[in-house]
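FYI, side chains are in, hydrogens and waters are out, and symmetry mates aren't considered; it's all heavy atoms of this structure. We name chains A, B, ... by the order of the sequence lines, and we start the count at 1 in each one.
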Amino acid sequence: MQVGMTVNGEAHEADAEPRTLLVHHIREAVGLTGTNIGCDTSSCGACTIHIDGEPVKSCTMLAVQANGADITTIEGMAADDGTLHPMQQAFMENHGLQCGYCTPGMVMAATSLLQENPSPTEAEVRQGLEGNLCRCTGYHNIVKAVLAAAEGE
Amino acid sequence: MAVMGTRMLRKEDPKLLTGEAKYVDDIHAAGELWMGMVRSTHANARIDSVDVSAALEQPGVVAAYTGADLAEGYWIAPLPCAWPVTPDMLNPPHFPVAVENARYVGDIVAVVLADSRYGANDAIEHVVVMYEDLPAVTTVEVAASGDALAHPDLGTNKAYSWALDPDPDAVQAALDDSVHRVSARFVQQRLIPSAMEPRGVLAIPSPHGGDITLYSSTQVPHILKVMVAATTGIPEHSIRVIAPSVGGGFGAKLNVNADEILAVALANKLKRPIRWTESRSEAAMSTTQGRGQVQYIEIGADADGKLTAIKAHIQADLGAYMQLITPGTPLLGSFLYTGVYACPAFGFVCDGYFTNLTPTDAYRGAGRPEASYAIERGMDLLAAEVGVNPEEIRRRNYAVGGEAFENWESPSGLVFDSGNYRPNLDKALELADIAELRAEQTRRREAGDSVQLGIGMCTYVEICGLAPSRALGDLGYAAGGWEHATVRMLPTGMIEVVSGSTPHGQGHETSWAMIVADKMGIDPAHVTVLHSDTALSPLGLDTYGSRSLAVGGVAIAMATDKLIEKAKAIVAHQLEASPDDIVLDEGNLMVAGSPDTATPIQSVGFAAFSAHDLPEGMEPNLQEQVSFDPPNFAFPFGTHVAVVEVDTNTGGVDLIDYIAVDDCGNQVNPLIVEGQVHGGIVQGVAQALWECAEYDDHGTPLNPSLMDYLVPSPTEVPSMTVDSTVTPSTTNPLGVKGVGEAGTIGSAAAAINAVVDALSPYGISDIEMPASPQRLWRLINAAQEGAST
Ligand code: FES
Ligand code: FES
């Protein structure tokens, strides 16, 4: 099936088997590999992207369901001149990443979290990121980064 | 410019934060084929037949192989085990695809190649395998009983018995003479390492050139390269191994896996790129697991609570086969069963047993968290027996009375490089405000509060900086423990560092640049680090055992020193001065006391490159290399304090605070040190409270997905207080010790000590890990019933 979507502001049209997961479509047909896959049970959040402004685990959707959608992936977060998004910058300044594998999903989920709740408490940050797993940081610096990003905004 | 010790932000972050970094699954090759593994669904079985014919009919399927198909012509040796711990250790041959018998659920019995990821996954469903079940050995205690045999042809489940027990009679006599004695049995449950990036491979052959490139999500590209050669018979110089961005490892990517060998062997035969990425649910079978021990420890003390003897006996669950360092992993802890304490008599015995489960191997801490757990739980038991509090029993027994020391011979015979235990403990207790916590605990106890407070501590020591090659040789390990570094100044004055360490989240690019920049007095942005590709960095022994800084970083520092010496000689020649008179000050070389002679060190790169005017006989170029073999291990230590609330109605445990004061010697970048500690703490607490790889009686994994296996999420853990003391190592010129495993080594014991402390009014003195609500609820209920009858 032909599937069309806008990804990071660019129109993209490609063939997809009806059963293709959106995350595989984005990684392999669109060719944007920043969105990662950490599980097969929708548990880890590594694949989090924005669809029409909402955070979505892209392994929980079929590519065909995203037909016509406006998608933002981690590749679309930094400005064109390379300036990092404030959330990316906060992760960097607070050492909120180690191996970086959970990071794209964390950044996407955290950005949405602040859109919903611009000044969250620590507990609200933790709750808001509950669907995103990180094995490296123990979450300490991720939470710090999100709180710092909230302060900065 | 002082760079060492600053909280410099990481150089590797921008590419990781923007999705630019490439992990194995992000890399593709034209014409690639996907492997699909057919895995045994039986823990122990004869394979009667494997029929791949229906799979071959599936769309996109290019080939399918049984174990018998691959038995000839694909490999020349079984998968390697590099650590035969005893001369008579049993090690049944372990081939990438099983031929006659499957020995665990997950053992590969057939392989399908297809032109797409989905196609390969579909096709494996069409492979028909007939099994004849054999009794499965699903726990190490069943293995020890011999009631069933994991490998019937071996006639026993015991692979080896290894002892560090020079005088067992003396240990027994000392125990028998002790005023106080405690003994315990602890279970170190199996853990699924769960790096967030699943493992993956991509092997790309060069049919005409004859070489082959293997991309793998590995911690050990250098070791893998040698082992691929030894296993497949492909000449070593034709193999290039690249570990691109690697999404965490924790020891589980320190191996040579069936999939890696299969990909290379099949790519080599078919002359097409071959790839595979494990699914998360597959990872519980396709990647090694951690821990898996039953520990018996006996501790004796005199009337004052001073240790008289410690005896430890371990049953290690090796799993179905020996992977790279399976047999040695439990022994890495053998030297630490006496912890940070003076103890006149010590004995350790480990019996390794085969079971019909996924092989075990290194997992963050590898043997040392287990040892630390046993002694630190044991010290709490002893404190209760003697009638003093946990910090007091520790103070009474610290090595050298808790005073600062250098080069202390520990009861196991290893010489601890340096330590200073009392101030470290005191700092942690002060940060935790232990008096206030205990007052709150008393208040809740007296009020009969349904939510009780528990405070647990652990004063650990670990062995880092693996390792002096001679020591590894004495332990029967096949390889050495050195690390290699090259430092070169390019014609424009920029620096390239080539390191044999292989990062997977530790921030080596930042730390190595800091070491070099600090020594040369230049901007760290002018230093780049090349690593993780055997073509760029041909010599190296990779990253595990908290060795990167204490061995690899030291090699870089030494190579930098050599380079600076050569630069001095060149500048001395230009200034017609003696090299001995040249000093390096803030990036400038000059004759001591004559600032007008200042020559930026970075300008020497061009002089060395053009070679127009070098001292007579000096080779062109500025490039120096060092292979550093450490003279001793390094012994970081620390105090961890866990604070938990236990809901006595539900058995639920809530970790509400955590204080860690670690001492890893001098710190290159405290930001990175703290990050390592945070992550390690949560992994250790996860063992204590949540994680356990569970199997049914048939050896079938019960929780192989992230839905059922409880990797903690952000809501399960609090923010932590992490601080440090600094006791420089005497093992290396940087005075550094290593910190990658510290958090994990201290935290499981601290967490369980806290839970036990909360429940001590119920007469509960031990809790098996993980301290799940079900387990606690039963214990509390049983205690209450016991009290009311
Ligand atoms: S890959 Fe989507 S939630 Fe794990
Ligand atoms: S940074 Fe490695 S999983 Fe989060």
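Contact annotation: the side chain of A/H95 approaches that of B/R10 to within less than 4.5 Å [non-hydrogen atoms, C-beta and beyond]. Looking only at side-chain heavy atoms (C-beta outward), A/Q98 and B/Q676 come within less than 4.5 Å of each other. Counting heavy atoms from C-beta on, the side chains of B/H678 and A/T137 never come closer than 4.5 Å. The closest side-chain heavy-atom distance from B/D122 to A/R19 is below 4.5 Å. Counting heavy atoms from C-beta outward, A/C136 and B/H504 have side chains that stay 4.5 Å or more apart. Taking 4.5 Å as the limit, some side-chain heavy atom of B/Y23 sits within range of a side-chain heavy atom of A/N36. The shortest side-chain heavy-atom distance between A/Q88 and B/T18 falls under the 4.5 Å cut-off.
Other residues, nucleotides and ligands contribute at most 12 non-hydrogen atoms within 6.0 Å of the CD atom of A/E116. Counting non-hydrogen atoms of neighbouring residues, nucleotides and ligands closer than 6.0 angstrom, the CG atom of A/D80 reaches no more than 12 such neighbours. Environment of CD in A/Q2: crowded, with over 12 heavy atoms of neighbouring residues, nucleotides or ligands closer than 6.0 Å.
Each of B/G680, B/P193, B/A283 has some count of heavy-atom pairs under 4.5 Å with chain A, and the biggest count is that of B/P193. Among the candidates B/A686, B/S279, B/P14, B/S281, the residue making the largest number of heavy-atom pairs closer than 4.5 Å to chain A is B/S281. The greatest number of non-hydrogen atom pairs below 4.5 Å with chain B, out of A/E17, A/M92, A/Q127, A/E93, is found for A/M92. Options B/V722, B/I672, B/V682, B/T715 differ in how many heavy-atom pairs under 4.5 Å they form with chain A, and the most are formed by B/T715. Residue with the most contacts toward chain A among B/G505, B/S245, B/S705, B/G675: B/G505 (heavy-atom pairs, distance under 4.5 Å). Ranked by non-hydrogen atom pairs under 4.5 Å with chain A, the options B/Q683, B/E282, B/H28 are led by B/Q683. Between chain A and the options B/K22, B/M707, B/R364, heavy-atom pairs under 4.5 Å are most frequent for B/M707.
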Take A/R126 and B/V717 through the side chain to side chain contact (heavy atoms under 4.5 Å, CB included) test and state the conclusion after the steps. CA-CA 9 Å; A/R126 289 183 180 275; B/V717 288; 3.8 Å; yes
Before giving the answer on side chain to side chain contact (heavy atoms under 4.5 Å, CB included), spell out for B/L16 and A/F91 the whole-Å C-alpha distance, their side-chain angles and the decisive distance to 0.1 Å. CA-CA 11 Å; B/L16 294 168; A/F91 267 68; over 6 Å; no
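Between A/C99 and B/G248, the closest heavy-atom pair is CB-N, 3.3 Å.
Rounded to the nearest 0.5 angstrom, A/Q89 CD and B/L9 CG are separated by 8.0 Å.
At a heavy-atom separation below 4.5 angstrom, chain B is approached by A/G100, A/Y101, A/T103, A/P104, A/V107 within residues 100-113 of chain A. For a heavy-atom cut-off of 4.5 Å, chain B lies close to A/G138, A/Y139, A/H140, A/N141 in residues 138-146 of chain A. Close approach to chain B, defined as a heavy atom under 4.5 Å from one of its heavy atoms, is seen in A/I37, A/G38, A/C39, A/D40, A/T41, A/S43, A/C44 of residues 37-49 of chain A, taken by number. Within residues 63-74 of chain A, the residues having any heavy atom closer than 4.5 Å to a heavy atom of chain B are A/I74, listed by residue number.
For a residue to count as touching a neighbouring chain, one of its non-hydrogen atoms must lie under 4.5 Å from one of that chain's; by this rule B/V246 touches chain A with the backbone only. Proximity to chain B (any heavy atom under 4.5 Å) is shown, for A/L97, by both the backbone and the side chain. There is no contact between B/K15 and chain A, counting heavy-atom distances below 4.5 Å. Within the 4.5 angstrom heavy-atom criterion, atoms from both the backbone and the side chain of B/L706 approach chain A. Using a 4.5 Å cut-off between heavy atoms, A/M77 makes no contact with chain B at all. Interface remark: B/D25 contributes backbone and side-chain atoms alike to the contact with chain A (heavy atom separation under 4.5 Å).
For the pair A/R135 (side chain) and B/P712 (backbone), a donor-acceptor distance under 3.5 Å is absent.
In this structure, B/R117 pairs ionically with A/E28, as a charged nitrogen and a carboxylate oxygen lie closer than 4.0 Å.
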